[in-house]
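Shown next, in structure tokens, is the structure this report addresses.
We use all heavy atoms of the structure for the numbers below, so side chains are in, but hydrogens, waters and symmetry mates are not. Residue numbers start from 1 in every chain, and the chains themselves are labelled A, B, ... in the order their sequence lines are given, proteins ahead of strands.
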Amino acid sequence: MAFFEGKNMTAGYDNGPDIITSCNLNADRGEIVAILGPNGAGKSTAMKVLLGLLSLKSGNVIIGGEDISKLTTQDRVKKGISFVPQTKNVFSDLTVRENLEVGAFLRMGNIENVIEDIFDLFPILYEKKSQIVGELSGGQRQQVALGRALMMKPSVLMLDEPTAGVSPIVMDELFDHIIKIKKNNVAIIMVEQNAKQALSISDRGYVLVTGKNKFDGSGKDLLNDPEVRRSFLGV
Amino acid sequence: MDFINAIILLLNFTVLPALTYGSQLALGAIFVTLIYGVLRFANFATGDMMSFGTMFAVLLTYYFQSLGINFGILPTALLTIPFAVFFMIFYMLTMDKFVFSYYRIKKSPPVQLAMVSVGVMFITQAIIRIVIGPSDRRFLDGEKFILKAKEFKEITGLNEGLTIKSTQILTIFITIIVVSIMFWFLNKTKTGKSMRAYSDNEDLALLSGIDPKKIVLITWTIAGILATIGGILYGLDKSYRPFVYFNNMLPIFAAAIVGGIGKPYGAFLGGYVIAFAEIFLTYAYKKFFIYILPDSLEPSSLVQLLSTDYKFAISFSILVIVLLFRPSGIFEGKKI
């Protein structure tokens with residue numbers, strides 16, 4: 001059984017149709033899992049359900065053997081699930097350092113060494129630590145967003161399109177950072193538009209179509225699967 | 001010598017009153033901006049909430065005086081601040097619990113909350129009317145002047161006198177202390193940082209484990225302190241006429257918007273911008289020009305740009321100009 005698991009998840013908005021049906025996703029610590037699929041496949045919805053921003057109609061969300069399906073988002077965050085939204089994922093009026101501090105509010109005790117770790121991981125943030133985040137470039141902001149999410153020492157990190165709207169060079173840099181984060185024994189689940197690049201750094205991937213699991217397998221297998229290549233990777 | 005007289009004249013009739021009035025506006029404007037930034041609505045009950053807090057200070061001052069308690073040369077009202085603040089915060093939290101929280105949990109649009117605050121304004125006005133009535137009250141005691149015009153003339157031998165009222169110095173001094181403590185709190189403490197984070201990006205603040213209930217509580221507490229102290233200082237300096245506070249809402253909102261709404265330091269600065277504009281534009285410069293110009297050029301009129309009756313028109317004009325040309329204010333606050 002995987003560390004973090006969404007089992008047979010069915011959910012939709014209010015009384016509307018189900019966006020995801022019997023969807024299964026899981027991730028172990030120290031693993032990068034990519035969720036891919038065409039627009040409207042329910043990737044973001046699946047992530048919202050895992051996070052508790054949207055409630056389940058049926059199914060379960062389990063972390064470390066504990067069923068957290070009924071918990072609120074705030075309580076799930078306390079269980080060690082950290083989330084980086086696609087947009088508005090930093091406090092743009094606060095400095096870099098303050099962003100990191102806010103990220104650690106759930107942790108008690110000394111946060112200085114954790115901040116040091118984040119600065120080691122993202123050296124650019126150390127240089128810009130006193131700068132207002134709103135003044136940073138897109139790629140640097142994404143690093144702040146990742147840094148903030150890592151401050152609570154999460155066991156699960158969920159990323160919603162971490163490379164949306166950044167240049168290809170910055171994208172490679174961000175993926176490098178994500179690989180580094182994985183080494184800290186964190187389960188990383190990410191939704192990505194850049195399917196090929198995402199699969200190349202992922203241990204496993206899921207392809208969702210109309211809210212159902214269509215394909216899954218290791219990153220490499222999915223990359224080489226002719227049907228996946230044809231329908232989703234555009235090659 | 002005439003030049004020094006001219007400077008003293010301006011200092012006495014414009015700079016000192018503007019600094020005082022600006023400090024009073026600044027406290028109100030920070031209150032508006034905090035509520036707007038954190039609770040996300042324009043609080044139209046601002047003026048009357050300030051009046052409400054001051055009402056307690058007035059009543060308690062009378063009570064203390066009847067007991068024979070005083071604060072020496074300082075106004076007794078200063079002793080009542082902690083109690084008045086306590087009642088004010090209690091009132092604000094009650095209003096929040098029974099009125100605002102319902103709309104906040106429903107996630108009503110800001111306009112609806114603003115309308116709700118108009119309702120709270122009427123309730124507050126009614127309570128004030130019942131408890132203390134609308135009449136003018138003076139509650140300043142202790143030493144009224146630090147420096148009298150006559151003394152100043154005797155010391156310096158100048159024609160112009162400089163009057164420093166104790167309320168002016170107290171206002172400026174207390175404002176600086178209160179505002180410094182507030183900025184220290186917002187910038188250095190964990191709670192202050194969570195307040196700023198919540199104001200900046202509510203969803204992300206919730207994802208970072210910030211408790212919104214605590215933020216709301218702290219915001220009303222700080223707002224209560226600012227409203228009460230601002231109101232008391234204004235009442236000591238002028239006099240306590242409950243419904244004048246309602247009129248002050250225009251310059252207070254103008255100050256908050258000029259500074260960039262949602263930015264406390266903007267509101268602080270905005271208070272002085274509005275106060276100086278109001279006073280400089282309505283001051284009659286005749287005497288000033290008599291001092292600095294040769295006799296042949298002596299002005300025959302009052303050289304007053306606008307009558308003091310147009311004081312509020314100035315705040316209103318500044319408000320409109322800022323909204324037209326720089327809607328985010330001096331410090332890039334939230335766009336309106």
Side-chain angles (χ1 to χ4, degrees), chain A residues 47-48 50-53 71-111 130 132-135 141-142 144-154 156-160, chain B residues 30 33-34 36-40 104-107 182-219 256 259-268 328-336:
Chain A
M47 203 166 252
K48 278 186 187 168
L50 290 173
L51 200 64
L53 291 171
L71 294 188
T72 61
T73 305
Q74 286 229 296
D75 288 331
R76 292 188 203 195
V77 171
K78 284 177 193 150
K79 297 278 175 200
I81 303 175
S82 200
F83 177 56
V84 180
Q86 184 184 346
T87 53
K88 290 180 72 178
N89 52 19
V90 289
F91 298 108
S92 46
D93 288 343
L94 272 60
T95 65
V96 170
R97 210 192 133 85
E98 283 170 345
N99 263 272
L100 297 181
E101 286 173 17
V102 172
F105 276 180
L106 280 178
R107 286 170 51 82
M108 293 294 146
N110 190 9
I111 58 163
S130 310
I132 303 289
V133 172
E135 297 165 357
R141 274 188 208 209
Q142 291 299 77
V144 175
L146 287 173
R148 183 207 59 84
L150 289 173
M151 280 301 291
M152 54 178 270
K153 295 250 170 186
V156 177
L157 178 64
M158 299 213 274
L159 310 172
D160 192 357
Chain B
I30 298 174
T33 241
L34 274 181
Y36 190 91
V38 180
L39 304 178
R40 288 165 229 288
R104 191 168 54 240
I105 290 160
K106 250 180 46 174
K107 294 214 176 288
M182 195 203 63
F183 281 124
W184 170 81
F185 173 80
L186 285 179
N187 290 319
K188 298 287 176 227
T189 64
K190 188 173 160 180
T191 317
K193 282 174 192 168
S194 27
M195 250 178 86
R196 282 164 57 221
Y198 184 85
S199 157
D200 186 3
N201 189 337
E202 186 179 343
D203 295 332
L204 197 61
L206 297 178
L207 286 172
S208 305
I210 290 171
D211 180 5
K213 285 197 187 108
K214 191 178 157 197
I215 300 293
V216 170
L217 183 80
I218 301 284
T219 306
I261 197 146
K263 303 272 180 180
Y265 44 87
F268 179 63
S328 54
I330 303 172
F331 286 106
E332 293 289 339
K334 297 190 169 70
K335 288 203 172 56
I336 301 193

For residues 83-92 of chain A, which side-chain donor-acceptor pairs fall under 3.5 Å, sequence neighbours excluded?
{"from": "Asn89(A)", "atom 1": "ND2", "to": "Pro85(A)", "atom 2": "O", "distance (Å)": "3.1"}
{"from": "Asn89(A)", "atom 1": "ND2", "to": "Gln142(A)", "atom 2": "OE1", "distance (Å)": "3.0"}

Quick check: closest heavy atoms across Ser208(B) and Phe105(A), and the distance to 0.1 Å?
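Scanning both residues completely, I find the closest heavy atoms to be O-CB, 4.3 Å.
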If you compare all heavy atoms of Val102(A) against all heavy atoms of Ile210(B), which two are closest, and at what distance to 0.1 Å?
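For Val102(A) versus Ile210(B), the nearest heavy atoms are CG1-CD1, 3.8 Å.
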Do you know which of Leu204(B), Asn187(B), Asn201(B) has the most heavy-atom pairs under 4.5 Å to chain A?
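Max contact count across the listed options: Leu204(B).
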What distance do Leu207(B) atom CG and Ile81(A) atom CD1 have between them, rounded to the nearest 0.5 Å?
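So the gap between those two atoms works out to 11.0 Å.
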Sequence neighbours left out, what passes salt bridge (Lys or Arg N to Asp or Glu O under 4.0 Å) with Arg76(A)? Give chain and number order.
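Scan of Arg76(A) (salt bridge (Lys or Arg N to Asp or Glu O under 4.0 Å), adjacent residues dropped) gives none.
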Under 6.0 Å from the NZ atom of Lys190(B), do we count more than 12 heavy atoms belonging to anything else shown?
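Yes, NZ of Lys190(B) has more than 12 neighbouring heavy atoms, counting only those of other groups under 6.0 Å.
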Is Lys48(A) atom NZ crowded by more than 12 heavy atoms from other residues, nucleotides or ligands, each under 6.0 Å away?
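Counting neighbours around NZ of Lys48(A), 12 or fewer heavy atoms of other residues, nucleotides or ligands fall under 6.0 Å, so no.
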Give, as side chain, backbone, both or neither, the part of Val77(A) having an atom under 4.5 angstrom from any heavy atom of chain B.
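Side chain of Val77(A) only, per the 4.5 Å heavy-atom cut-off to chain B.
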Min side-chain heavy-atom separation Leu94(A)-Arg196(B) under 4.5 Å
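In short, these two side chains touch, coming nearer than 4.5 Å.
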Test item: Asp200(B) side-chain N/O and Asp93(A) main-chain N/O as donor-acceptor pair under 3.5 Å
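Yes.
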